[in-house]
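Residue numbers start from 1 in every chain, and the chains themselves are labelled A, B, ... in the order their sequence lines are given, proteins ahead of strands.
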Amino acid sequence: MELSKNYLPGEVELKWYKHWVNSGYFHSTPNDKKAYTVVIPPPNVTGVLHMGHCLNNTIQDILVRRARMQGFNPCWVPGTDHASIATEAKVVAMLRERGITKSSLTRDEFLGYAWEWKEKYGGIILQQLRKMGCSLDWERTSFTMDADYYESVIKVFVDLYKKGKIYRGKRMINWDVRAKTALSDEEVIHKEVAGKIYHLRYKLDLPGEEYITIATVRPETILGDSAICVHPKDDRYKKLVGKFAFVPLINRRIPIIADDYVEIEFGTGALKVTPAHDMNDFVLGQKYNLEIIDTMNDDGTLSEAAGLYIGQDRIEVRKIITKDLEAAGNLVKIEDYTHQVGFSERTDAIVEPRLSLQWWVDMKKLAAPALEAVMSDEISFHPAKFKNLYRHWMEGIKDWCISRQLWWGHRIPAWYDEEGNFYVAHNEAEVNANHPETKGKKLIQDADCLDTWFSSWLWPFEVFKGLSNPNNAEVNYYYPTSTLVTAPEIIFFWVARMIMAGEEYMGKIPFKDVYFTGIVRDKQGRKMSKSLGNSPDLLGLIDQYGADAVRFGIMIASPAGNDLLFDESTLEQGRNFNNKLWNATKLLKMWEARQNKEGAIPEDAQFAMDWFEAKLTTTQNEVDEMLKTFRLSEALKTIYGLIWDDFCSWYLEWIKPGFEQPMHQGVYEKTVEFYDALLQLLHPFMPFITEEIHHTLKTQTEDLCVKLYTPTSKVNSEVLNAGALLQNVISTLRDARNKNQIKPKDAIELHIQTSNNAPYQTIQNILAKQINAATIQYTSSAIGASIVVALEKDKFYIVANQAIDTASLKENLLKDLAHQQGFLISVGKKLDNEKFVQNAKPEVLAIEQKKKADALARIQTIEESLAQLG
RNA sequence: GGGGGCAUAGCUCAGUUGGUUUAGAGCAUCUGCCUUACAAGCAGAGGGUCCGCGGUUCGAACCCGUGUGCCCCCA
């Protein structure tokens, strides 16, 4: 079979993915092997594959494939998240295109459209993961709104409510006026905004025309003021505390109070308190039992309670009220002022603090064991630096607002009667059963849904029906899972909460290791986002470079624990690496056809084989260690170097027969064996090409995908040293050739002056081939008219058909000499220091003494060479 | 405002309990080669005040303090 000039990934990838799935390699069922379980961080059902997914899922696939080849029973569970806000937004947009408004539909009608959308467009991302080669168990695809899953979410709500860990409370929440929904703090994006600060004077309830001036960035909220607050130590206002003032325009009488929350230096030092429309003012209001006047409707327009501007949007009102205040003589001045304003992550509307009845989870009770699990390293974070962040957050944890004013999601299982009583239960029948007084009464279920994270925190066990079918064989086998791979930005949204849910419902932590990936940024270091348009088209890249190259490119640029600066050039590097592998295959296929079975294996080939065997084993052990500690990028770099440099550039060249000469069968077979071992090592990172070449090399009895790693043998370090010496000599002599402008085609004669010929004799055939030497001889004295090179204690004389540039030779030797002498001085300083000799460990002392001896020997060699040059 | 992190070659990063030859790799750069696997390649080279300052130590890229500059999270 003729192999193509370059590697062509397209068909190969399709072919093998299909084969792997059809062979059932990715499907797992409990057996007597040890489980290695990974649950995918479920992408939004609306999602399309982006660079973040690519990184995240490549890492998971590497871990899972490696586990498979190590003899574990790996189970990687795919699935999607119903993503209530994002999906509802998509469905609303789809309906708008069809000329339907959400408000014209009943809840059931809307959900009908939503499911229709989900079935049609949802989960595209799962198809895309296949293109990347992800070895997911597709027979286990889960969705956070599957029937069983849905029931479990409800079960958890009811259970936590019964345990007193869920409560209903009027609290300040972030309100998205456009989506008319509550947002969690994490869904609010704070941005610096250039605004104005308004100084307004309030008439005091005292005889005469006296005023107090406050500063505010939100003049439209004065209609909801219930107090003015000053600092108790502020001399300007001390006499006013306990007195009253009138809110401008509406003349409501409000008290002047004192609290050290107020900053004396800020603004005028007097703060208007509007408990219904500011988080901090709300706290003050609670403390001083102030009236709460909610002046805003859920769409951001002013309410009846405002008294003025009813029905107009708060942003418009700001302009109008400013004019009216000015006309009324209450506006003192306006200054420019830059401050932080919260925007909705989803709709970009300015978020309004608003009082609302919401459902909350009391987090303090859940957080304690989850904090302990990470602090005690029962769960290990990689990199460990995230432990600090986690601790800080968990120690200051706030209650979790879990209700969302949406229809797509898990509906809150609470029912209200007409008197305003409410009952939490799994369903209405249960309410009637538990509360006989409700029978016959009209009950209405809470209209709101639960926060999406309230379902995803059950993911690691509910994908195995750990809650809907407790103690089933699967959850007992697969849970706790092994490793969670996720982005650091959802450490609180998701990771922390999964730990809590795991402890609460399974009585066990949900995973042993958490690997936090970096954030994918563009070349300029900007986070990739839709709005910036700096996100490349991943499927296009896969088409262009192949999935293996994309996986390579993204992994080689992903230092453990750091962000990844995505640059397409690493994909090119990946493609080139594919091609390198392909060409090595072509070389081996050529040798396969030219085998010679006669005679013994040549001595130099035997040396090369022994050396590579040792090198391979050493590297396999290194890679093993790196993967154990999640240094994936480093592991890939190591494998890349082993294949490109050690195998292709050194080993294959060392065993390469002369022009059109045969290759000894023993050497050929060993080399195929080596190559296969390399492919196996690389397979988790680049699954497609490795599988393809594995089968191209020879007829195989099993696929690489499921081929078990064999334990490594002991390393012969002596042969490793001999190989390193050979490489060093070759490089040094090639450098000398280059510097003296000896053309690659021109053969040289080499004379070696050494006190010990033996190490050179074993490698001399390889050496001759590698530096294009016609002859290699040993000498005990200097060779005239030659290029002299000093290496360690030995000297090399190159005789070439070429004029010798003594000046540049001398220059090189002098440079080397200066370096060695400088080194000698630094070593000498240490050894001459009595305190060093007294305090240093004996082995350190020995090393320093050896350094000194080596430096002296090298200096002598160089000086002798210089002397010979005259 | 509170908290966390980072700073080593042009770029991206290694550098494990302080001593492993006056710091390593990949990419990029430069020089020479179209050498029968590979120019998507081969061979070789150059390139660093380990952010500044101070301290601990016989010895600091590494430990401590401080300054500067970047990044992230929360308010």
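In the set B:rG41, B:rG44, B:rA14, B:rA14 carries the atom at the smallest distance from any side-chain atom of A:E634. Distance from the side chain of A:Q573 is smallest to B:rC27 among B:rA37, B:rC27, B:rU21. Among the nucleotides B:rA37, B:rU21, B:rG44, the one closest to any side-chain atom of A:K850 is B:rU21. Listed candidates were B:rA75, B:rG44, B:rA14. Nearest to the side chain of A:K398 is B:rA75. Side-chain atoms of A:R734 lie closest to B:rA43 of the nucleotides B:rG4, B:rA43, B:rU20. The A:K586 side chain lies nearest to B:rA37 when the options are B:rA37, B:rC58, B:rU12. For A:W644, whose side chain is taken as the heavy atoms from C-beta onward, the closest listed nucleotide among B:rC42, B:rG44, B:rC73 is B:rC42. In this structure, of B:rC13, B:rC58, B:rU20, it is B:rU20 that holds the atom nearest to the side chain of A:K851. Taking only side-chain atoms of A:L587, from C-beta outward, the nucleotide of B:rU12, B:rG44, B:rA37 with the closest atom is B:rA37.
Figure legend. B:rU35 is base-paired to no nucleotide; pairs are counted as Watson-Crick or G-U wobble with both atom distances under 3.5 Å. Under the Watson-Crick or G-U wobble criterion, with both distances below 3.5 Å, B:rU16 is left unpaired in every strand shown. With a 3.5 Å ceiling on both atom-pair distances, B:rA40 lacks any Watson-Crick or G-U wobble partner.
The gap from the P atom of B:rC70 to that of B:rU12 amounts to 16 Å, rounded to the nearest Å. Going from the C1' atom of B:rC63 to that of B:rC50 covers 16 Å, rounded to whole Å. B:rU31 and B:rA39 have their C1' atoms separated by 16 Å, with the value rounded to a whole Å. Taking the C1' atom of each, B:rG18 and B:rC38 are spaced 45 Å apart, rounded to whole Å. Of the C1' atoms belonging to B:rU56 and B:rC64, the separation is 7 Å, rounded to the nearest Å. B:rG19 and B:rU66 have their P atoms separated by 25 Å, with the value rounded to a whole Å. As rounded to the nearest Å, B:rU68 and B:rC53 have C1' atoms that lie 11 Å from one another. Taking the C1' atoms as reference points, B:rA9 lies 22 Å from B:rC71, given to the whole Å.
Counting only heavy atoms from C-beta outward, the side chains of A:M363 and A:R497 approach each other to under 4.5 Å. Under the 4.5 Å side-chain criterion, counting only non-hydrogen atoms from C-beta, A:L824 is in contact with A:L856.
A:T619 pairs with exactly one of A:D624, A:I643, A:T638, A:L678 by the side-chain contact (heavy atoms from CB on, under 4.5 Å) rule, that one being A:T638. Here the rule is ring pair (Phe, Tyr, Trp, His ring centres under 6.0 Å) with A:Y7, and of A:W582, A:F688, A:F577 only A:W582 fits it.
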Could you walk me through whether A:N583 and A:K586 pass side chain to side chain donor-acceptor pair (under 3.5 Å), step by step?
-> CA-CA 5 Å; A:N583 278 301; A:K586 274 160 60 180; 3.3 Å; yes

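Atom CZ of A:R631 and atom P of B:rU12 are 21 Å apart (whole Å). For A:E811 and B:rG46, the CD to P distance is 12 Å, given to the nearest whole Å. The interatomic distance linking A:F492 (CZ) with B:rG3 (P) rounds to 15 Å, in whole Å. Computed from coordinates, the A:F577 CZ to B:rA37 P distance equals 20 Å when rounded to whole Å. If you measure from atom CG of A:D645 to atom C1' of B:rG44, you get 14 Å, rounded to the nearest angstrom. Taking atom CG of A:N576 as the reference point, atom C1' of B:rG41 lies 9 Å away to the nearest angstrom. The distance from atom CE of A:M626 to atom C1' of B:rG26 is 13 Å, rounded to the nearest whole Å. Put simply, NZ on A:K580 is 14 Å from P on B:rG26, counting in whole angstrom units.
Backbone-only engagement by A:D563 is indicated by non-hydrogen atom pairs under 4.0 Å involving sugar-phosphate atoms exclusively. Across all strands shown, A:N388 has heavy atoms under 4.0 Å from sugar-phosphate atoms exclusively, and none from any base. Residue contacts for A:S731: at a heavy-atom cut-off of 4.0 Å it reaches the sugar-phosphate backbone alone, with no base atom in range. Within 4.0 Å of A:N6, counting heavy atoms only, lies at least one base atom of the nucleic acid. Across all strands shown, A:K743 has no heavy atoms under 4.0 Å from either base or sugar-phosphate atoms.
A sub-4.0 Å separation between OP1 or OP2 of B:rU12 and a side-chain N or O of A:T570 is absent.
Under a 4.0 Å N-O distance rule, the pair A:K851/A:E848 qualifies as a salt bridge. Residues A:D377 and A:K387 are paired through a salt bridge, judged by an N-O separation under 4.0 Å between the basic side chain and the carboxylate. One finds a salt bridge joining A:R218 and A:E352 here, because a Lys/Arg side-chain nitrogen approaches an Asp/Glu carboxylate oxygen to under 4.0 Å.
Of the residues near RNA chain B, A:R391 and A:V827, the one whose nearest nucleotide (by heavy atom distance) lies more toward the 5' end is A:R391. Residues A:Y640 and A:D854 each lie close to RNA chain B; by heavy-atom proximity, the contact nearer the 5' end of the strand is made by A:D854.
Within residues 648-655 of chain A, the residues approached by RNA chain B to less than 4.0 Å at the level of any non-hydrogen atom are A:C648, A:S649, A:E653, in residue-number order. Annotation: proximity of residues 836-845 of chain A to RNA chain B (heavy atom, distance under 4.0 Å) is found for A:F836, A:N839, A:A840, A:V844, numbered in ascending order.
A donor-acceptor pair under 3.5 Å is absent between the side-chain atoms of A:N579 and the main chain of A:N6, judged by distance alone.
You'll find the ring centres of A:W591 and A:Y668 outside the 6.0 Å limit. For A:F381 and A:F516, the ring centers are positioned less than 6.0 Å apart. Taking the six-membered ring for Trp and the full ring otherwise, A:F647 and A:F612 have centroids separated by under 6.0 Å.
The ring pair (Phe, Tyr, Trp, His ring centres under 6.0 Å) test applied to A:F630 returns A:H382, A:Y515, not counting sequence neighbours.
At a cut-off of 3.5 angstrom, the base of B:rA40 holds at least one donor-acceptor pair with the side chain of A:R575.
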